[in-house]
Amino acid sequence: MAEDPQGVEQVKKRLAEVGYLADEPAALVSFLANRLGKPVLVEGPAGVGKTELAKALSRATERRLIRLQCYEGLDEAKALYEWNYRKQLLRIQTEASDTGWEQVKEDIFGEEFLLSRPLLQAIETDEPVVLLIDEIDKTDQEFEAMLLEVLSDFQISIPEMGVVEAKSRPLVLLTSNNSRELTEALKRRCLYLWLDYPDVERELEIVRLHAPELSETLARRLVEVIHEIRRLDLKKPPSIAESIDWARALLLLGAEELDQSVFEHTMSIIVKHRTDLDVVAERVGVKFSDGLLGAERQQAG
Ligand SMILES: Nc1ncnc2c1ncn2[C@@H]1O[C@H](COP(=O)(O)OP(=O)(O)O)[C@@H](O)[C@H]1O
Ligand SMILES: [Mg+2]
């Protein structure tokens, strides 16, 4: 287990060592979460590194990552625990017919018959872990309410068994793509981090980290074009994930520069809606032919 970081700079450094380039706010909130023992709610558009931050924190702290992927209709049985009914039934069938209910109950509501789901796993484990509750906005408000006990007291009440308290505090990250407003009660219990698209320099660093063979000139051009595209009013602007995919694709294709032809052939890697493709072709594609983007501009400048 890695030692606790001494300051924000150290957090940044450790995250970089495991492949995550955190900006100042992300490093600060990660540091505070660790020190204050509070969960972090990370919001922002898709593909800006929310999930990866949790994974990176798990690598940096050498803690196991326990992940709860949220979806519509997720319930306690899949998030907290459920009773292994089949095994309980089998047990009941093997009890002698004169066994009283009290005795049977004691038998079948013990640890042996409990199936732990991610939240309970994170609480009952001996080692401190990183708990990622991913895309919490996909669940409903009742689910959020259920989470509050876990997030504020780090404990789970099981009526048949009692309260399970955390032996060591997990580092908890919740992510949300903002598809709905989360409740105030949940927000109050969390530190808050808004992750947005990075500026050109940081995105360039991230792209180069994921596609180190790509030349710096081409990588920079790529990131500049991505930023140009994000300025348009699109249904789904390209995220860091798309920048990385694009960089890797250009490498595979052996592209040496990003000219109009390369752009037109590969833009579906970064823009994934029919209508967006039209907008981008019209607004950005023409800039290549006018020499406002790409290699021509570099020579001119
Ligand atoms: N700061 C960063 N440093 C390194 N890689 C990053 C960073 N931010 C995002 N990425 C990469 O971008 C991709 C998308 O990130 P992800 O965490 O899946 O996005 P989100 O969960 O916000 O939708 C991943 O491949 C991730 O490795
Ligand atoms: Mg994610």
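Counting starts at 1 for both ligands and their atoms, in listed order.
Using a distance-only test at 3.5 Å, with no hydrogens or angles considered, no donor-acceptor pair links the side chain of R220 to the main chain of L204. At least one donor-acceptor pair under 3.5 Å links the side chain of K50 to the backbone N or O of P45.
The protein heavy-atom contact nearest to atom 3 (N) of ligand 1 is L21 N, 2.9 Å. Distance from atom 6 (C) of ligand 1 to its nearest protein heavy atom, with residue and atom name: I206 CG2, 3.7 Å. With hydrogens left out, the protein atom closest to atom 23 (O) of ligand 1 is G47 N, 2.6 Å, a heavy atom.
The residue from I136, L195, D137, L132 that alone fulfils the side chain to side chain contact (heavy atoms under 4.5 Å, CB included) condition with T175 is L132.
Applying the ring pair (Phe, Tyr, Trp, His ring centres under 6.0 Å) rule to Y192 yields no partners; only residues at least two apart in sequence or on another chain are considered. Every ring pair (Phe, Tyr, Trp, His ring centres under 6.0 Å) that F263 has, sequence neighbours left out, goes to F288. The salt bridge (Lys or Arg N to Asp or Glu O under 4.0 Å) search around D196 returns none, not counting sequence neighbours.
By the neighbour-count criterion of 12 heavy atoms within 6.0 Å, atom CD of E256 is sparsely surrounded, having that number or fewer from other residues, nucleotides or ligands.
With H210, E135, R202, E52 as candidates, the residue nearest to atom 5 (N) of ligand 1 on a non-hydrogen basis is H210. When G49, A54, A16, P198 are ranked by how near their heavy atoms come to atom 9 (C) of ligand 1, first place goes to G49.
Excluding waters, the set of protein N, O or S atoms lying under 2.8 Å from the Mg ion (ligand 2) comprises T51 OG1.
Using a 4.0 Å cut-off between charged side-chain N and carboxylate O, E62 and R59 make no salt bridge.
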